[in-house]
Amino acid sequence: KGLWNGDLIVFDSLPSTNRWALENIRLLNRGDVVRAVAQTAGYGRFGRMWFAEGNNSLSVSAVIKSEPHGDTDAHTLGPLAALAVRSVIERHGIPALVKWPNDVLVKSRKIAGILVEQESNNPGLVLGIGLNVNVPADVLSGIQLIHPATSMLIECRRVFDVELVCSDVVAELQATLNAEQTPGHFLEDWRKHDALSGREITVQTSEGTITGRYDGIETDGRLRLVDKRGKEHKLWSGDVLHKM
Ligand code: BT5
């Protein structure tokens with residue numbers, strides 16, 4: 001099943017579930033979830049690649065139409081999805097943290113990535129989730145990554161049923177999105193599991209680089225940062241660099 005009684009559409013292989021969902025958005029309904037057992041040309045933010053070949057990864061894209069959430073959806077969906085994935089993997093005994101805007105980290109290693117996209121002229125948002133389920137260590141070390149990565153297999157030394165992980169993620173995502181009908185509901189969970197809490201960070205944005213003290217996130221998903229002069233900045237998007 002998809003979200004909110006939407007359909008779950010499964011392909012053996014697709015270049016990218018996000019791309020497929022965006023191209024077919026008019027045929028899809030709110031809550032439909034597209035899954036590719038193998039994804040051959042997955043991508044992340046700013047056109048970066050996302051590795052999910054073989055059948056060891058969870059690659060899904062959920063169709064979220066504008067209602068019942070407000071127009072800040074695109075910026076809160078990433079953090080909400082990161083929290084949902086985080087709690088699913090923690091239930092399997094893997095302690096994990098979230099990093100703004102959309103990463104899930106286990107001991108500073110990236111285990112999941114999230115990508116929210118919107119086609120212009122369409123109220124539909126596509127929420128893509130990639131999770132390293134059974135990806136072996138030698139496969140991850142063989143690909144060029146900016147940050148170190150891990151998988152559920154590496155952390156637990158056992159193989160998981162990707163289909164079951166998929167239904168857990170969809171169910172948890174649904175619960176998280178429903179709870180957010182009270183805007184800001186997610187902030188308490190975010191604060192408890194925030195990898196950046198109390199850190200000096202540098203954020204690369206399209207307008208330049210800002211360094212300062214991380215000060216949490218806003219209800220609308222913006223990152224708060226206080227620079228050396230004490231000035232507060234609220235950022236919609238960017239890449240966070242930090243010392244762990
Ligand atoms: C992301 O981008 O983390 C978002 C990834 C979203 C993937 C899903 S899978 C389903 C859907 N269909 C798609 O085509 N995409 C979505 P970003 O924050 O830009 O991080 C990308 C960086 O993560 C890359 O530059 C790599 O360094 C690293 N990376 C790539 N594959 C990885 C993997 N499997 N595990 C950990 N890190 C990875």
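Each residue takes its place number in the sequence, starting with 1. Atoms within each ligand, like the ligands themselves, are counted from 1 in listed order.
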Query - Presence of salt bridge, E155 and R109, under 4.0 angstrom - result: no
Query raised in the report: Under a 4.0 Å N-O cut-off, is there an ion pair linking R213 with E200?
Result: no
Would you say [X] contacts ligand 1, with heavy atoms under 4.0 Å as the rule?
X    : answer
Y43  : yes
R109 : no
S61  : yes

Query raised in the report: In Å and rounded to the nearest 0.5 Å, what is the OG to CD distance from S13 to E53?
Result: 9.0 Å
Query raised in the report: How many angstroms lie between CE in M152 and OG in S57, if you round to the nearest 0.5 Å?
Result: 11.5 Å
Could you see which bit of [X] sits under 4.0 Å from ligand 1, with heavy atoms only: side chain, backbone, both or neither?
X    : value
V60  : backbone
I114 : backbone
I143 : neither

Query raised in the report: Is there a nitrogen or oxygen of H147 sitting under 3.5 Å from a nitrogen or oxygen of ligand 1?
Result: no
Query raised in the report: N/O of L145 under 3.5 Å from N/O of ligand 1, yes or no?
Result: no
Where ligand 1 meets [X] - atom numbers and elements under 4.0 angstrom, heavy-atom basis:
X    : value
G130 : 8 (C), 9 (S)
A149 : 35 (N), 36 (C)
N132 : 33 (C), 34 (N), 35 (N), 36 (C)

Does a side chain donor of either [X] or [Y] reach within less than 3.5 Å of an acceptor in the other side chain?
X    : Y    : answer
N178 : W4   : yes
T202 : T211 : yes
D239 : Q204 : no

Report task. Answer with yes or no after comparing the ring centroid distance for F11 and W20 against a 6.0 Å cut-off, counting only values under it. Result -> yes
Report task. Just need the protein heavy atom nearest to atom 10 (C) of ligand 1, so name the residue and atom and give the distance. Result -> T17 OG1, 3.1 Å
**Report entry** Nearest option to atom 20 (O) of ligand 1, as decided by whichever heavy atom of K110, M49, R45 sits closest
**Finding:** K110
